[in-house]
Amino acid sequence: MDHGDMPGMGGMSPPPSSLSSMNGTTGMHGMHHKMMMHMTFFWGKNAEILFNGWPGTDTGMYVLALVIVFVLSFLIECLSHCRLTKPGSSNVAAGLLQTFLHALRVGLAYIVMLAVMSFNVGVLLVAVAGHTLGFFFFASRIFNKPAAVAGSDLPPMSC
């Protein structure tokens, strides 16, 4: 049986253009580009995180990507536990601020989720570390009074 044959398909193979797109190359004018797409967790600096071709194979850019994911995760926890509205502010102003903060937190959470979907173990570890350190600083009793931990402008994120 040929490599391109499917069982029960009577020897039919997909056309050559389909084969080249399935193996991660493009056959346009003789140029070949290898796609870096992982569908399982892997450890390494050669990855694509959030943007096509970034950070690629550059170690410095990979470290920058890890720092960005860490900071975004940390900011999500900050937004989840901060108190920016003043007691006595108008309901409209407080509601608009809460709505803006919610949109910002959800947007950041989706960006971190997309970064983790690169299946890079380093990205997963820094995302969890950012959330952990953010919770440690903004929600644990070590740095906050028990009453301050209970209140925030935003409700907890739901899964």
Side-chain angles (χ1 to χ4, degrees), residues 14 17-18 20-26 28 31-159:
S17 61
S18 301
S20 63
S21 64
M22 286 193 306
N23 68 12
T25 61
T26 58
M28 180 178 240
M31 294 173 32
H32 294 280
H33 298 284
K34 195 74 167 164
M35 291 175 36
M36 294 189 323
M37 184 70 173
H38 295 272
M39 296 307 291
T40 59
F41 280 109
F42 71 99
W43 187 271
K45 67 173 182 64
N46 298 341
E48 283 191 6
I49 304 167
L50 295 178
F51 303 105
N52 189 23
W54 187 74
T57 59
D58 185 13
T59 304
M61 294 304 278
Y62 177 69
V63 171
L64 177 64
L66 294 180
V67 168
I68 289 171
V69 170
F70 179 86
V71 168
L72 291 177
S73 301
F74 188 83
L75 285 174
I76 292 167
E77 292 299 323
C78 175
L79 289 172
S80 296
H81 301 289
C82 70
R83 186 89 186 162
L84 297 177
T85 57
K86 306 290 182 222
S89 60
S90 74
N91 287 341
V92 173
L96 289 174
L97 179 63
Q98 285 177 316
T99 302
F100 172 75
L101 291 175
H102 176 73
L104 182 61
R105 180 179 69 175
V106 168
L108 293 175
Y110 278 126
I111 290 171
V112 170
M113 178 195 66
L114 288 172
V116 170
M117 287 176 59
S118 69
F119 294 105
N120 185 288
V121 175
V123 173
L124 174 66
L125 292 176
V126 297
V128 171
H131 281 291
T132 302
L133 198 61
F135 182 86
F136 179 71
F137 282 120
F138 301 114
S140 71
R141 290 186 177 191
I142 295 173
F143 295 105
N144 300 296
K145 297 176 184 172
V149 173
S152 70
D153 284 333
L154 297 175
M157 290 196 63
S158 58
C159 295

Point-to-point distance, once rounded to the nearest 0.5 Å, from [atom1] of [X] to [atom2] of [Y]:
| X | Y | atom1 | atom2 | value |
| --- | --- | --- | --- | --- |
| M117 | L124 | CE | CG | 13.0 Å |
| N46 | D58 | CG | CG | 10.0 Å |
| L84 | C78 | CG | SG | 7.5 Å |
| F70 | L125 | CZ | CG | 12.0 Å |
| F136 | I142 | CZ | CD1 | 3.5 Å |
| L97 | S89 | CG | OG | 8.0 Å |

Grab the two heavy atoms, one from [X] and one from [Y], that are nearest each other, plus how far apart they are.
| X | Y | value |
| --- | --- | --- |
| A115 | V123 | O-CG1, 3.4 Å |
| T99 | G95 | OG1-O, 2.8 Å |
| T40 | F119 | O-CB, 3.4 Å |

**Report entry** Heavy atoms of other groups near F100 CZ, more than 12 under 6.0 Å
**Finding:**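 No, the 6.0 Å shell around CZ holds no more than 12 heavy atoms from other groups.
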**Report entry** Candidate list T59, L66, V63, test side-chain contact (heavy atoms from CB on, under 4.5 Å), partner K45, passing option
**Finding:**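 Running side-chain contact (heavy atoms from CB on, under 4.5 Å) over T59, L66, V63 with K45 returns exactly one hit, T59.
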**Report entry** Test side chain to side chain contact (heavy atoms under 4.5 Å, CB included) applied to L72 - qualifying residues, sequence neighbours left out
**Finding:**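 Scan of L72 (side chain to side chain contact (heavy atoms under 4.5 Å, CB included), adjacent residues dropped) gives I68, L108, I111, V112.
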Query - Inter- and intrachain pairs under side chain to side chain donor-acceptor pair (under 3.5 Å), touching residues 67-78, at least two apart - result: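 Listed by first then second residue: E77-H81, E77-H131.
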**Report entry** Sequence neighbours excluded - side chain to side chain donor-acceptor pair (under 3.5 Å) pairs with any residue from residues 109-121
**Finding:**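 Every pair satisfying side chain to side chain donor-acceptor pair (under 3.5 Å) with a residue in residues 109-121: Y62-N120.
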Query raised in the report: Hey, mind stepping through L64 and M61 against side chain to side chain contact (heavy atoms under 4.5 Å, CB included) and telling me if it holds?
Result: CA-CA 5 Å; L64 177 64; M61 294 304 278; 4.2 Å; yes
Query raised in the report: In terms of the angle between their ring planes, are F143 and F137 parallel, tilted or perpendicular, with boundaries placed at 30° and 60°?
Result: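 Ring orientation of F143 relative to F137: tilted.
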